[in-house]
Amino acid sequence: MLFRSFFDDKLAQYTYLVGCQRTGEAIVIDPSRSIDEIVQVAKKEGLTLTAATETHIHADFVSGSRQLAVDHGVKLYLSDEGDENWKYGYTEGLDVEFVRDGSRFSIGNIDFEVMHTPGHTPESISFILTDRGGGATKPMGIFSGDFVFVGDVGRPDLLEKAAGAEGTADSGARDMFRSIQRFKELPDYLMVWPAHGAGSACGKSLGAVPSSTVGYEKQFNWAMQIDDEQAFVDELLKDQPEAPVYFAEMKKVNKVGPTVLKHTDRVPDLSAEDVKKALKNNNTLVIDTRPATLAEKTLIPGSITIPYNKSFTNWTGWLANYDEDLVIIGEPYDKEAIIESMHSIHFDRIIGYAPVDVVAEWNQHDAYETLSVEEFLEEAEKESTYVVDVRNDVEWGDGHLNQANHHFLGKIRDTDIPKDKTVLVYCQGGARSAIASSVLKSLGYEDVKHMAGGYGAYLREQKNKFTMQ
């Protein structure tokens with residue numbers, strides 16, 4: 001058996017390739033939208049992609065199942081669990097087999113048994129793998145999707161918070177409790193291959209280790225230690241991170257069917273004049289992917305800064321709208337990767353990509369100021385300032401500046417903040433406040449400043465002062 005995992009560090013998402021080397025067949029599990037690397041690896045290993053499957057209708061990235069079915073003719077094994085609201089709507093004309101709890105299918109000499117594991121979503125399923133070609137008569141591991149992670153379990157509140165499905169958080173948590181009881185009955189030696197790692201918003205405390213075992217999770221995963229259903233529900237729903245707004249779009253897209261990308265759909269390169277013309281359209285958003293330290297003094301008026309790093313996809317999903325035309329400013333060598341990141345959450349309305357050199361061709365730039373902790377605190381005492389904390393709810397609850405008003409970064413484009421005051425922005429480390437500052441400048445706020453090092457730097461300075469006393 002051949003086993004390969006592919007990790008998207010911007011989505012903290014795992015895709016798996018499993019192949020039977022005896023028959024040359026292979027299946028992709030929870031495929032991402034970008035399938036080229038998987039196809040190339042399979043070909044290099046002498047395998048033909050014959051199937052794809054997914055553990056549930058994903059809400060945090062665009063599934064590549066439809067792309068694989070259209071481009072490569074693979075057979076899709078899709079969940080038939082859940083009610084009519086959680087059925088796939090794009091299967092006509094494709095080779096699809098719907099599976100339920102207890103269903104079995106094989107890829108060559110590798111067997112898969114379906115286990116219905118609702119909780120994260122009603123239709124969620126897991127796949128128990130047995131490598132019969134390797135002589136095994138017992139299973140090797142379980143592809144757990146967003147059911148069981150390393151050190152955590154999937155959150156059940158996304159349907160309610162992101163997709164507006166009222167009342168599903170509590171019922172999902174109770175489904176998760178029952179699914180975990182079944183998980184505990186599995187053999188301890190089974191490997192656990194989850195769909196996400198640390199950094200994913202599909203749980204609150206995911207581990208960074210890529211895989212685990214059933215036995216290890218039974219001993220050390222917090223969710224396996226609570227035997228009382230109500231206590232489990234209360235703990236699971238407590239302190240879950242904000243549900244990204246783009247999750248609602250992803251759930252819909254993956255249910256009705258993602259757009260099939262064509263290799264001829266190339267994003268054109270833009271000149272400075274092209275960007276200026278695009279900005280005349282009020283429905284165009286320009287995203288500057290340069291590091292904040294470079295962009296803070298040279299913002300194109302109307303643009304926002306989302307540096308291209310591991311957080312790029314997440315904050316693009318929060319701050320861009322699906323009905324906007326998007327222009328990207330970035331390094332030429334990053335173009336393909338940036339476009340791929342945006343496509344991964346279905347931002348397909350990218351009308352052009354401009355190299356960073358276009359910034360120099362503007363006669364006038366927007367800018368925001370970076371203050372030291374001491375300077376920030378001094379200004380925060382003035383009546384002419386409005387202090388904004390852009391961290392999440394949990395961070396805010398753990399402690400904040402007395403003068404601060406809580407406005408989460410992901411919703412800053414739609415937040416009502418006084419325009420007649422100097423706006424002082426901070427986060428935990430300085431990165432999110434830089435993004436927020438650029439957004440406020442794009443919205444017409446004239447005097448915007450943020451704190452270098454954020455609340456973390458503030459706490460360190462307070463500790464140093466206390467130590468020196």
Side-chain angles (χ1 to χ4, degrees), residues 8 10-13 31-34 54 56-67 85-86 88-90 121 158-165 200-202 241-262 265-268 270 275 278-289 302-308 311-330 335-354 408-415 435-436 438-439 442-443:
D8 184 333
K10 295 175 183 59
L11 293 167
Q13 181 250 332
S32 62
R33 196 180 194 189
S34 177
E54 53 194 55
H56 62 293
I57 301 174
H58 296 283
D60 52 320
F61 69 95
V62 179
S63 166
S65 293
R66 189 183 194 187
Q67 191 84 34
N85 295 313
W86 308 108
Y88 292 86
Y90 63 85
T121 61
L158 286 178
L159 297 180
E160 186 165 322
K161 290 182 178 178
S200 169
C202 290
E242 286 82 355
V245 291
Y246 73 90
F247 276 23
E249 180 74 11
M250 291 302 92
K251 199 72 178 178
K252 180 179 70 175
V253 161
N254 286 322
K255 178 182 175 182
V256 303
T259 302
V260 176
L261 296 175
K262 300 177 182 177
D265 296 337
R266 301 296 182 185
V267 174
L270 301 183
V275 177
L279 278 169
K280 292 179 180 178
N281 179 356
N282 292 330
N283 199 43
T284 297
L285 176 66
V286 176
I287 300 176
D288 189 332
T289 65
S303 68
I304 69 172
T305 298
I306 307 179
Y308 182 60
S311 300
F312 174 78
T313 307
N314 176 58
W315 292 121
T316 298
W318 271 108
L319 295 168
N321 297 320
Y322 283 96
D323 59 356
E324 291 178 310
D325 292 329
L326 303 175
V327 171
I328 311 301
I329 296 174
K335 177 181 178 180
E336 185 175 340
I338 289 174
I339 300 304
E340 183 177 299
S341 293
M342 299 188 72
H343 282 167
S344 73
I345 53 174
H346 216 254
F347 279 107
D348 294 347
R349 290 181 58 167
I350 307 171
I351 63 174
Y353 188 97
F408 174 59
L409 170 57
K411 300 177 181 178
I412 202 77
R413 286 185 76 190
D414 300 313
T415 300
I435 296 173
S438 76
V439 173
S442 76
L443 295 173

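Quick note: numbers below take in every heavy atom, side chains included, and nothing from hydrogens, waters or symmetry partners.
Put simply, the side chain of K10 does not reach to within 4.5 Å of the side chain of N314, judged on heavy atoms. Contact check for I435 versus P307: side-chain heavy atoms found under the 4.5 Å cut-off. Here the side chains of L319 and I412 are in contact, with some heavy-atom distance below 4.5 Å.
Between V327 and the choices I350, V275, V267, I287, the side-chain contact (heavy atoms from CB on, under 4.5 Å) rule is met once, by V275. Checking each of E54, H58, H56 against S63 for a side-chain hydrogen bond (donor to acceptor under 3.5 Å, both in side chains) leaves exactly one that passes, namely E54. The salt bridge (charged side-chain N to carboxylate O under 4.0 Å, His left out) test with R33 is passed by exactly one of D8, D348, D60: D348.
In this structure, I306 CD1 and F312 CZ are separated by 6.0 Å, a value rounded to the nearest 0.5 Å. Considering CG of D325 and OG1 of T284, their distance stands at 5.0 Å, rounded to 0.5 Å. To the nearest 0.5 Å, atoms CD (E340) and OG (S32) are separated by 7.5 Å. A distance of 6.0 Å separates CZ in F247 from CG in L158, rounded to the nearest 0.5 Å.
The shortest non-hydrogen separation linking V439 to R413 is CG1-CG, 3.5 Å. A pairwise comparison of heavy atoms in S442 and S303 identifies CB-O, 3.4 Å as the closest pair. Shortest non-hydrogen contact noted between F61 and P31 is CE1-O, 3.5 Å. The two atoms that bring K251 and T121 nearest to each other are NZ-CG2, 3.2 Å, heavy atoms only. Scanning both residues, H343 and V62, for their nearest heavy atoms gives O-CG2, 3.8 Å. Considering every non-hydrogen atom in both R66 and V256, the closest pair reads NH1-O, 4.5 Å.
Using a 30° and 60° split on the angle between ring planes, W318 and F408 fall in the perpendicular class, above 60°.
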Begin from the C-alpha positions of T313 and I345 and carry the test side chain to side chain contact (heavy atoms under 4.5 Å, CB included) through to its verdict. CA-CA 8 Å; T313 307; I345 53 174; 3.7 Å; yes
Could you go through S341 and T316, starting from their C-alpha distance and side-chain angles, then the distance that decides it, and tell me whether this counts as side chain to side chain contact (heavy atoms under 4.5 Å, CB included)? CA-CA 9 Å; S341 293; T316 298; over 6 Å; no
Take D323 and R349 through the test side chain to side chain contact (heavy atoms under 4.5 Å, CB included) and record every step on the way to the result. CA-CA 8 Å; D323 59 356; R349 290 181 58 167; 4.2 Å; yes
Starting from the C-alpha separation in whole Å, work towards a yes-or-no answer on side chain to side chain contact (heavy atoms under 4.5 Å, CB included) for I339 and R266. CA-CA 10 Å; I339 300 304; R266 301 296 182 185; over 6 Å; no
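Between the side chain of E324 and the backbone N or O of N321, at least one donor-acceptor pair lies under 3.5 Å. A donor-acceptor distance shorter than 3.5 angstrom exists from the side chain of K255 to the backbone of N85, with no hydrogens or angles considered.
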